[in-house]
Amino acid sequence: MYSWGSLFLLLSFYELYCILQIDNRRNYLLFALFSLAAAYTHYYCLIAVAFYYIVLLYLVFKRKYLNMRKVILCCTATVLGYLPWLVILVKSIKRVKDSYWINDIPTIKECVEYLFSNHFQPVVWGGIAIAGLMFILYETRILSVKKNEKGFLLRLTFDDASISENLIWMSAGIFSIVGTMMIGIIVSKVMRPVFLVRYLYPVSVVAWVLLGVIISRVKGRGLYTVLILLYLLTTCLPEYSTRYIDEKNMNEKLSRTLEVTVDEMGQNDVILTDNSHIAWTIADYYYPEKTNKQIDLLDFPELEKGINYWLIIESWNNMDELYGMFQEEGYFYKTIIKDGNLGGHQVSVYYMRR
């Protein structure tokens, strides 16, 4: 989902660049299709592409920069294209408002670090900030670089200040990133926590494109490119290697868990779990058409006779506390797997009946 979202968001951002450069009908069509695909992929992608449209409308009504008819048709087609999903969006908002599993709200610092790397040292952040400032000054023609017999001369002036198409395009990307981040944080503070840093994954691709464009316009860009690549390789490759091994082990545990549960579950068997994620979506995915209920292990429900139950919990240590109660209530239970995995959650699975 996040990979598709990042692809469609990147393609939308590219088509926005083409619109600003040549204002071609084909680019409007592709922009609408890619942005719709992004919006259907993830709700935070919907927020991200919305800022692209805000920039388009600003350029039409405030700066008279683009063809009004093309922009209005593009916006209208996108809204109409999203209407079939609007009912699902409203239902999702209501469900999230009533109950959601996220507890913490990420900070702006955590969001910015997620966009690039939490391994970046202050000197790297400072270099990015200086390069960004120099790019803005150069694109607005406030800063100019001229060569004379003594070398290069930097000149600051506001006489010829203007905003280039590149800067408008990059501003749309920045608004999209910052806007997605701020809306997620603000809504989480006002309503309830509904935002995680991983929801920024699709716009992180845009952030790296912006960084690449900035580096491409500064002196010594080849050296800076090599330095950043070396820095990323030395800091991120070890983490990538660890993550790869962890994900591979999780997939192996998932396969083992499914092998000993899917074929053994009867049509009328019921799944009990103390994990909200498993009860909400994961159980429905791996065990379709099976009834599942979220329970509190400290207030264990009375089981009906004649029904087979599958207890999926996060910690098998909890079973030590429940074992005595099971015996008293006449429950039979059998350990299926202790070190399993479902949807990224380490679980233990037990078969139970009364």
Side-chain angles (χ1 to χ4, degrees), residues 1-17 31 34-55 82 85 89 92-93 96-97 100-122 124-125 127-129 131-132 169-215 228 231-232 235-236 239-240 242-244 246-247 277 281 343-344:
M1 176 176 60
Y2 296 112
S3 299
W4 281 112
S6 63
L7 172 64
F8 294 135
L9 206 59
L10 178 63
L11 292 173
S12 301
F13 192 48
Y14 170 73
E15 292 302 331
L16 178 63
Y17 172 82
F31 175 72
F34 290 140
S35 58
L36 263 178
Y40 270 93
T41 304
H42 198 278
Y43 295 131
Y44 280 94
C45 290
L46 167 65
I47 296 173
V49 295
F51 284 94
Y52 298 161
Y53 285 86
I54 291 174
V55 171
Y82 195 74
W85 195 254
L89 173 62
S92 298
I93 293 174
V96 167
K97 185 178 179 181
Y100 205 49
W101 56 271
I102 297 177
N103 296 316
D104 300 322
I105 302 174
T107 64
I108 294 177
K109 179 176 180 293
E110 290 172 340
C111 292
V112 174
E113 288 179 343
Y114 182 85
L115 289 172
F116 292 101
S117 172
N118 58 4
H119 294 292
F120 278 8
Q121 300 299 316
V124 179
W125 290 114
I128 292 175
W169 173 65
M170 294 183 69
S171 298
I174 294 172
F175 292 152
S176 175
I177 296 168
V178 176
T180 303
M181 182 193 312
M182 296 310 299
I183 287 177
I185 293 175
I186 292 172
V187 172
S188 295
K189 289 182 179 294
V190 173
M191 186 176 70
R192 66 179 301 121
V194 293
F195 180 61
L196 295 172
V197 290
R198 73 165 180 253
Y199 294 162
L200 292 173
Y201 179 84
V203 295
S204 68
V205 179
V206 175
W208 278 95
V209 169
L210 295 177
L211 179 61
V213 173
I214 290 173
I215 293 174
I228 288 180
Y231 189 85
L232 289 173
T235 57
C236 296
E239 184 174 337
Y240 177 83
T242 302
R243 177 60 63 88
Y244 173 80
D246 291 343
E247 293 289 338
H277 286 187
T281 56

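The aromatic rings of Y199 and Y44 lie parallel to each other, their planes meeting at an angle below 30°, with 60° marking the opposite boundary. Classification of the Y52-F13 ring pair by plane angle, with boundaries at 30° and 60°, yields parallel. Classified by interplanar angle (parallel below 30°, tilted 30° to 60°, perpendicular above 60°), the ring pair Y2/Y201 is perpendicular.
Distance alone, capped at 3.5 Å, places no donor-acceptor pair between the S176 side chain and the F51 backbone.
The minimum heavy-atom distance linking G173 with V206 is given by the pair CA-CG1, 4.0 Å. The minimum heavy-atom distance linking V194 with S188 is given by the pair N-OG, 3.1 Å. Contact detail for F195 and G184: the closest heavy-atom pair is CB-O, 3.4 Å. Closest approach of I185 and C111 over heavy atoms only: CD1-SG, 4.3 Å. Closest of all the heavy-atom pairs between M182 and I108 is SD-CD1, 4.1 Å. The shortest heavy-atom contact between C45 and G5 is SG-CA, 3.9 Å.
Within a 6.0 Å radius of CG in D104, no more than 12 heavy atoms belonging to other residues, nucleotides or ligands are found. Around atom CD1 of I54, more than 12 heavy atoms belonging to other residues, nucleotides or ligands sit under 6.0 Å away. More than 12 non-hydrogen atoms from other residues, nucleotides or ligands lie less than 6.0 angstrom from OH of Y53.
For W85, the side-chain contact (heavy atoms from CB on, under 4.5 Å) test picks out Y40, Y43, Y82, I88, with sequence neighbours left out.
Rounding to the nearest 0.5 Å gives a distance of 10.0 Å between OG1 of T107 and CE of M181. E239 contributes atom CD, which lies 10.5 Å from atom CG of D246 (distance to the nearest 0.5 angstrom). Annotation: the span from L7 atom CG to F34 atom CZ amounts to 8.0 Å, rounded to 0.5 Å. Rounded to the nearest 0.5 angstrom, L9 CG and W4 CH2 are separated by 14.5 Å. Atom CG of residue L36 and atom CG of residue L46 lie 9.5 Å apart, to the nearest 0.5 angstrom. Rounding to the nearest 0.5 angstrom, the gap separating the OH atom in Y14 from the CH2 atom in W169 is 10.0 Å.
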Check the pair M170 / I214 against side-chain contact (heavy atoms from CB on, under 4.5 Å), numbers first and verdict last. CA-CA 10 Å; M170 294 183 69; I214 290 173; 3.7 Å; yes
Chi angles and distances behind the side-chain contact (heavy atoms from CB on, under 4.5 Å) call for L10, V209: CA-CA 9 Å; L10 178 63; V209 169; 3.6 Å; yes
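Taking the side chain as every heavy atom from C-beta outward, I105 and P193 approach each other to under 4.5 Å. Residues F8 and T41 are in side-chain contact: their nearest non-hydrogen atoms beyond the backbone lie under 4.5 Å apart.
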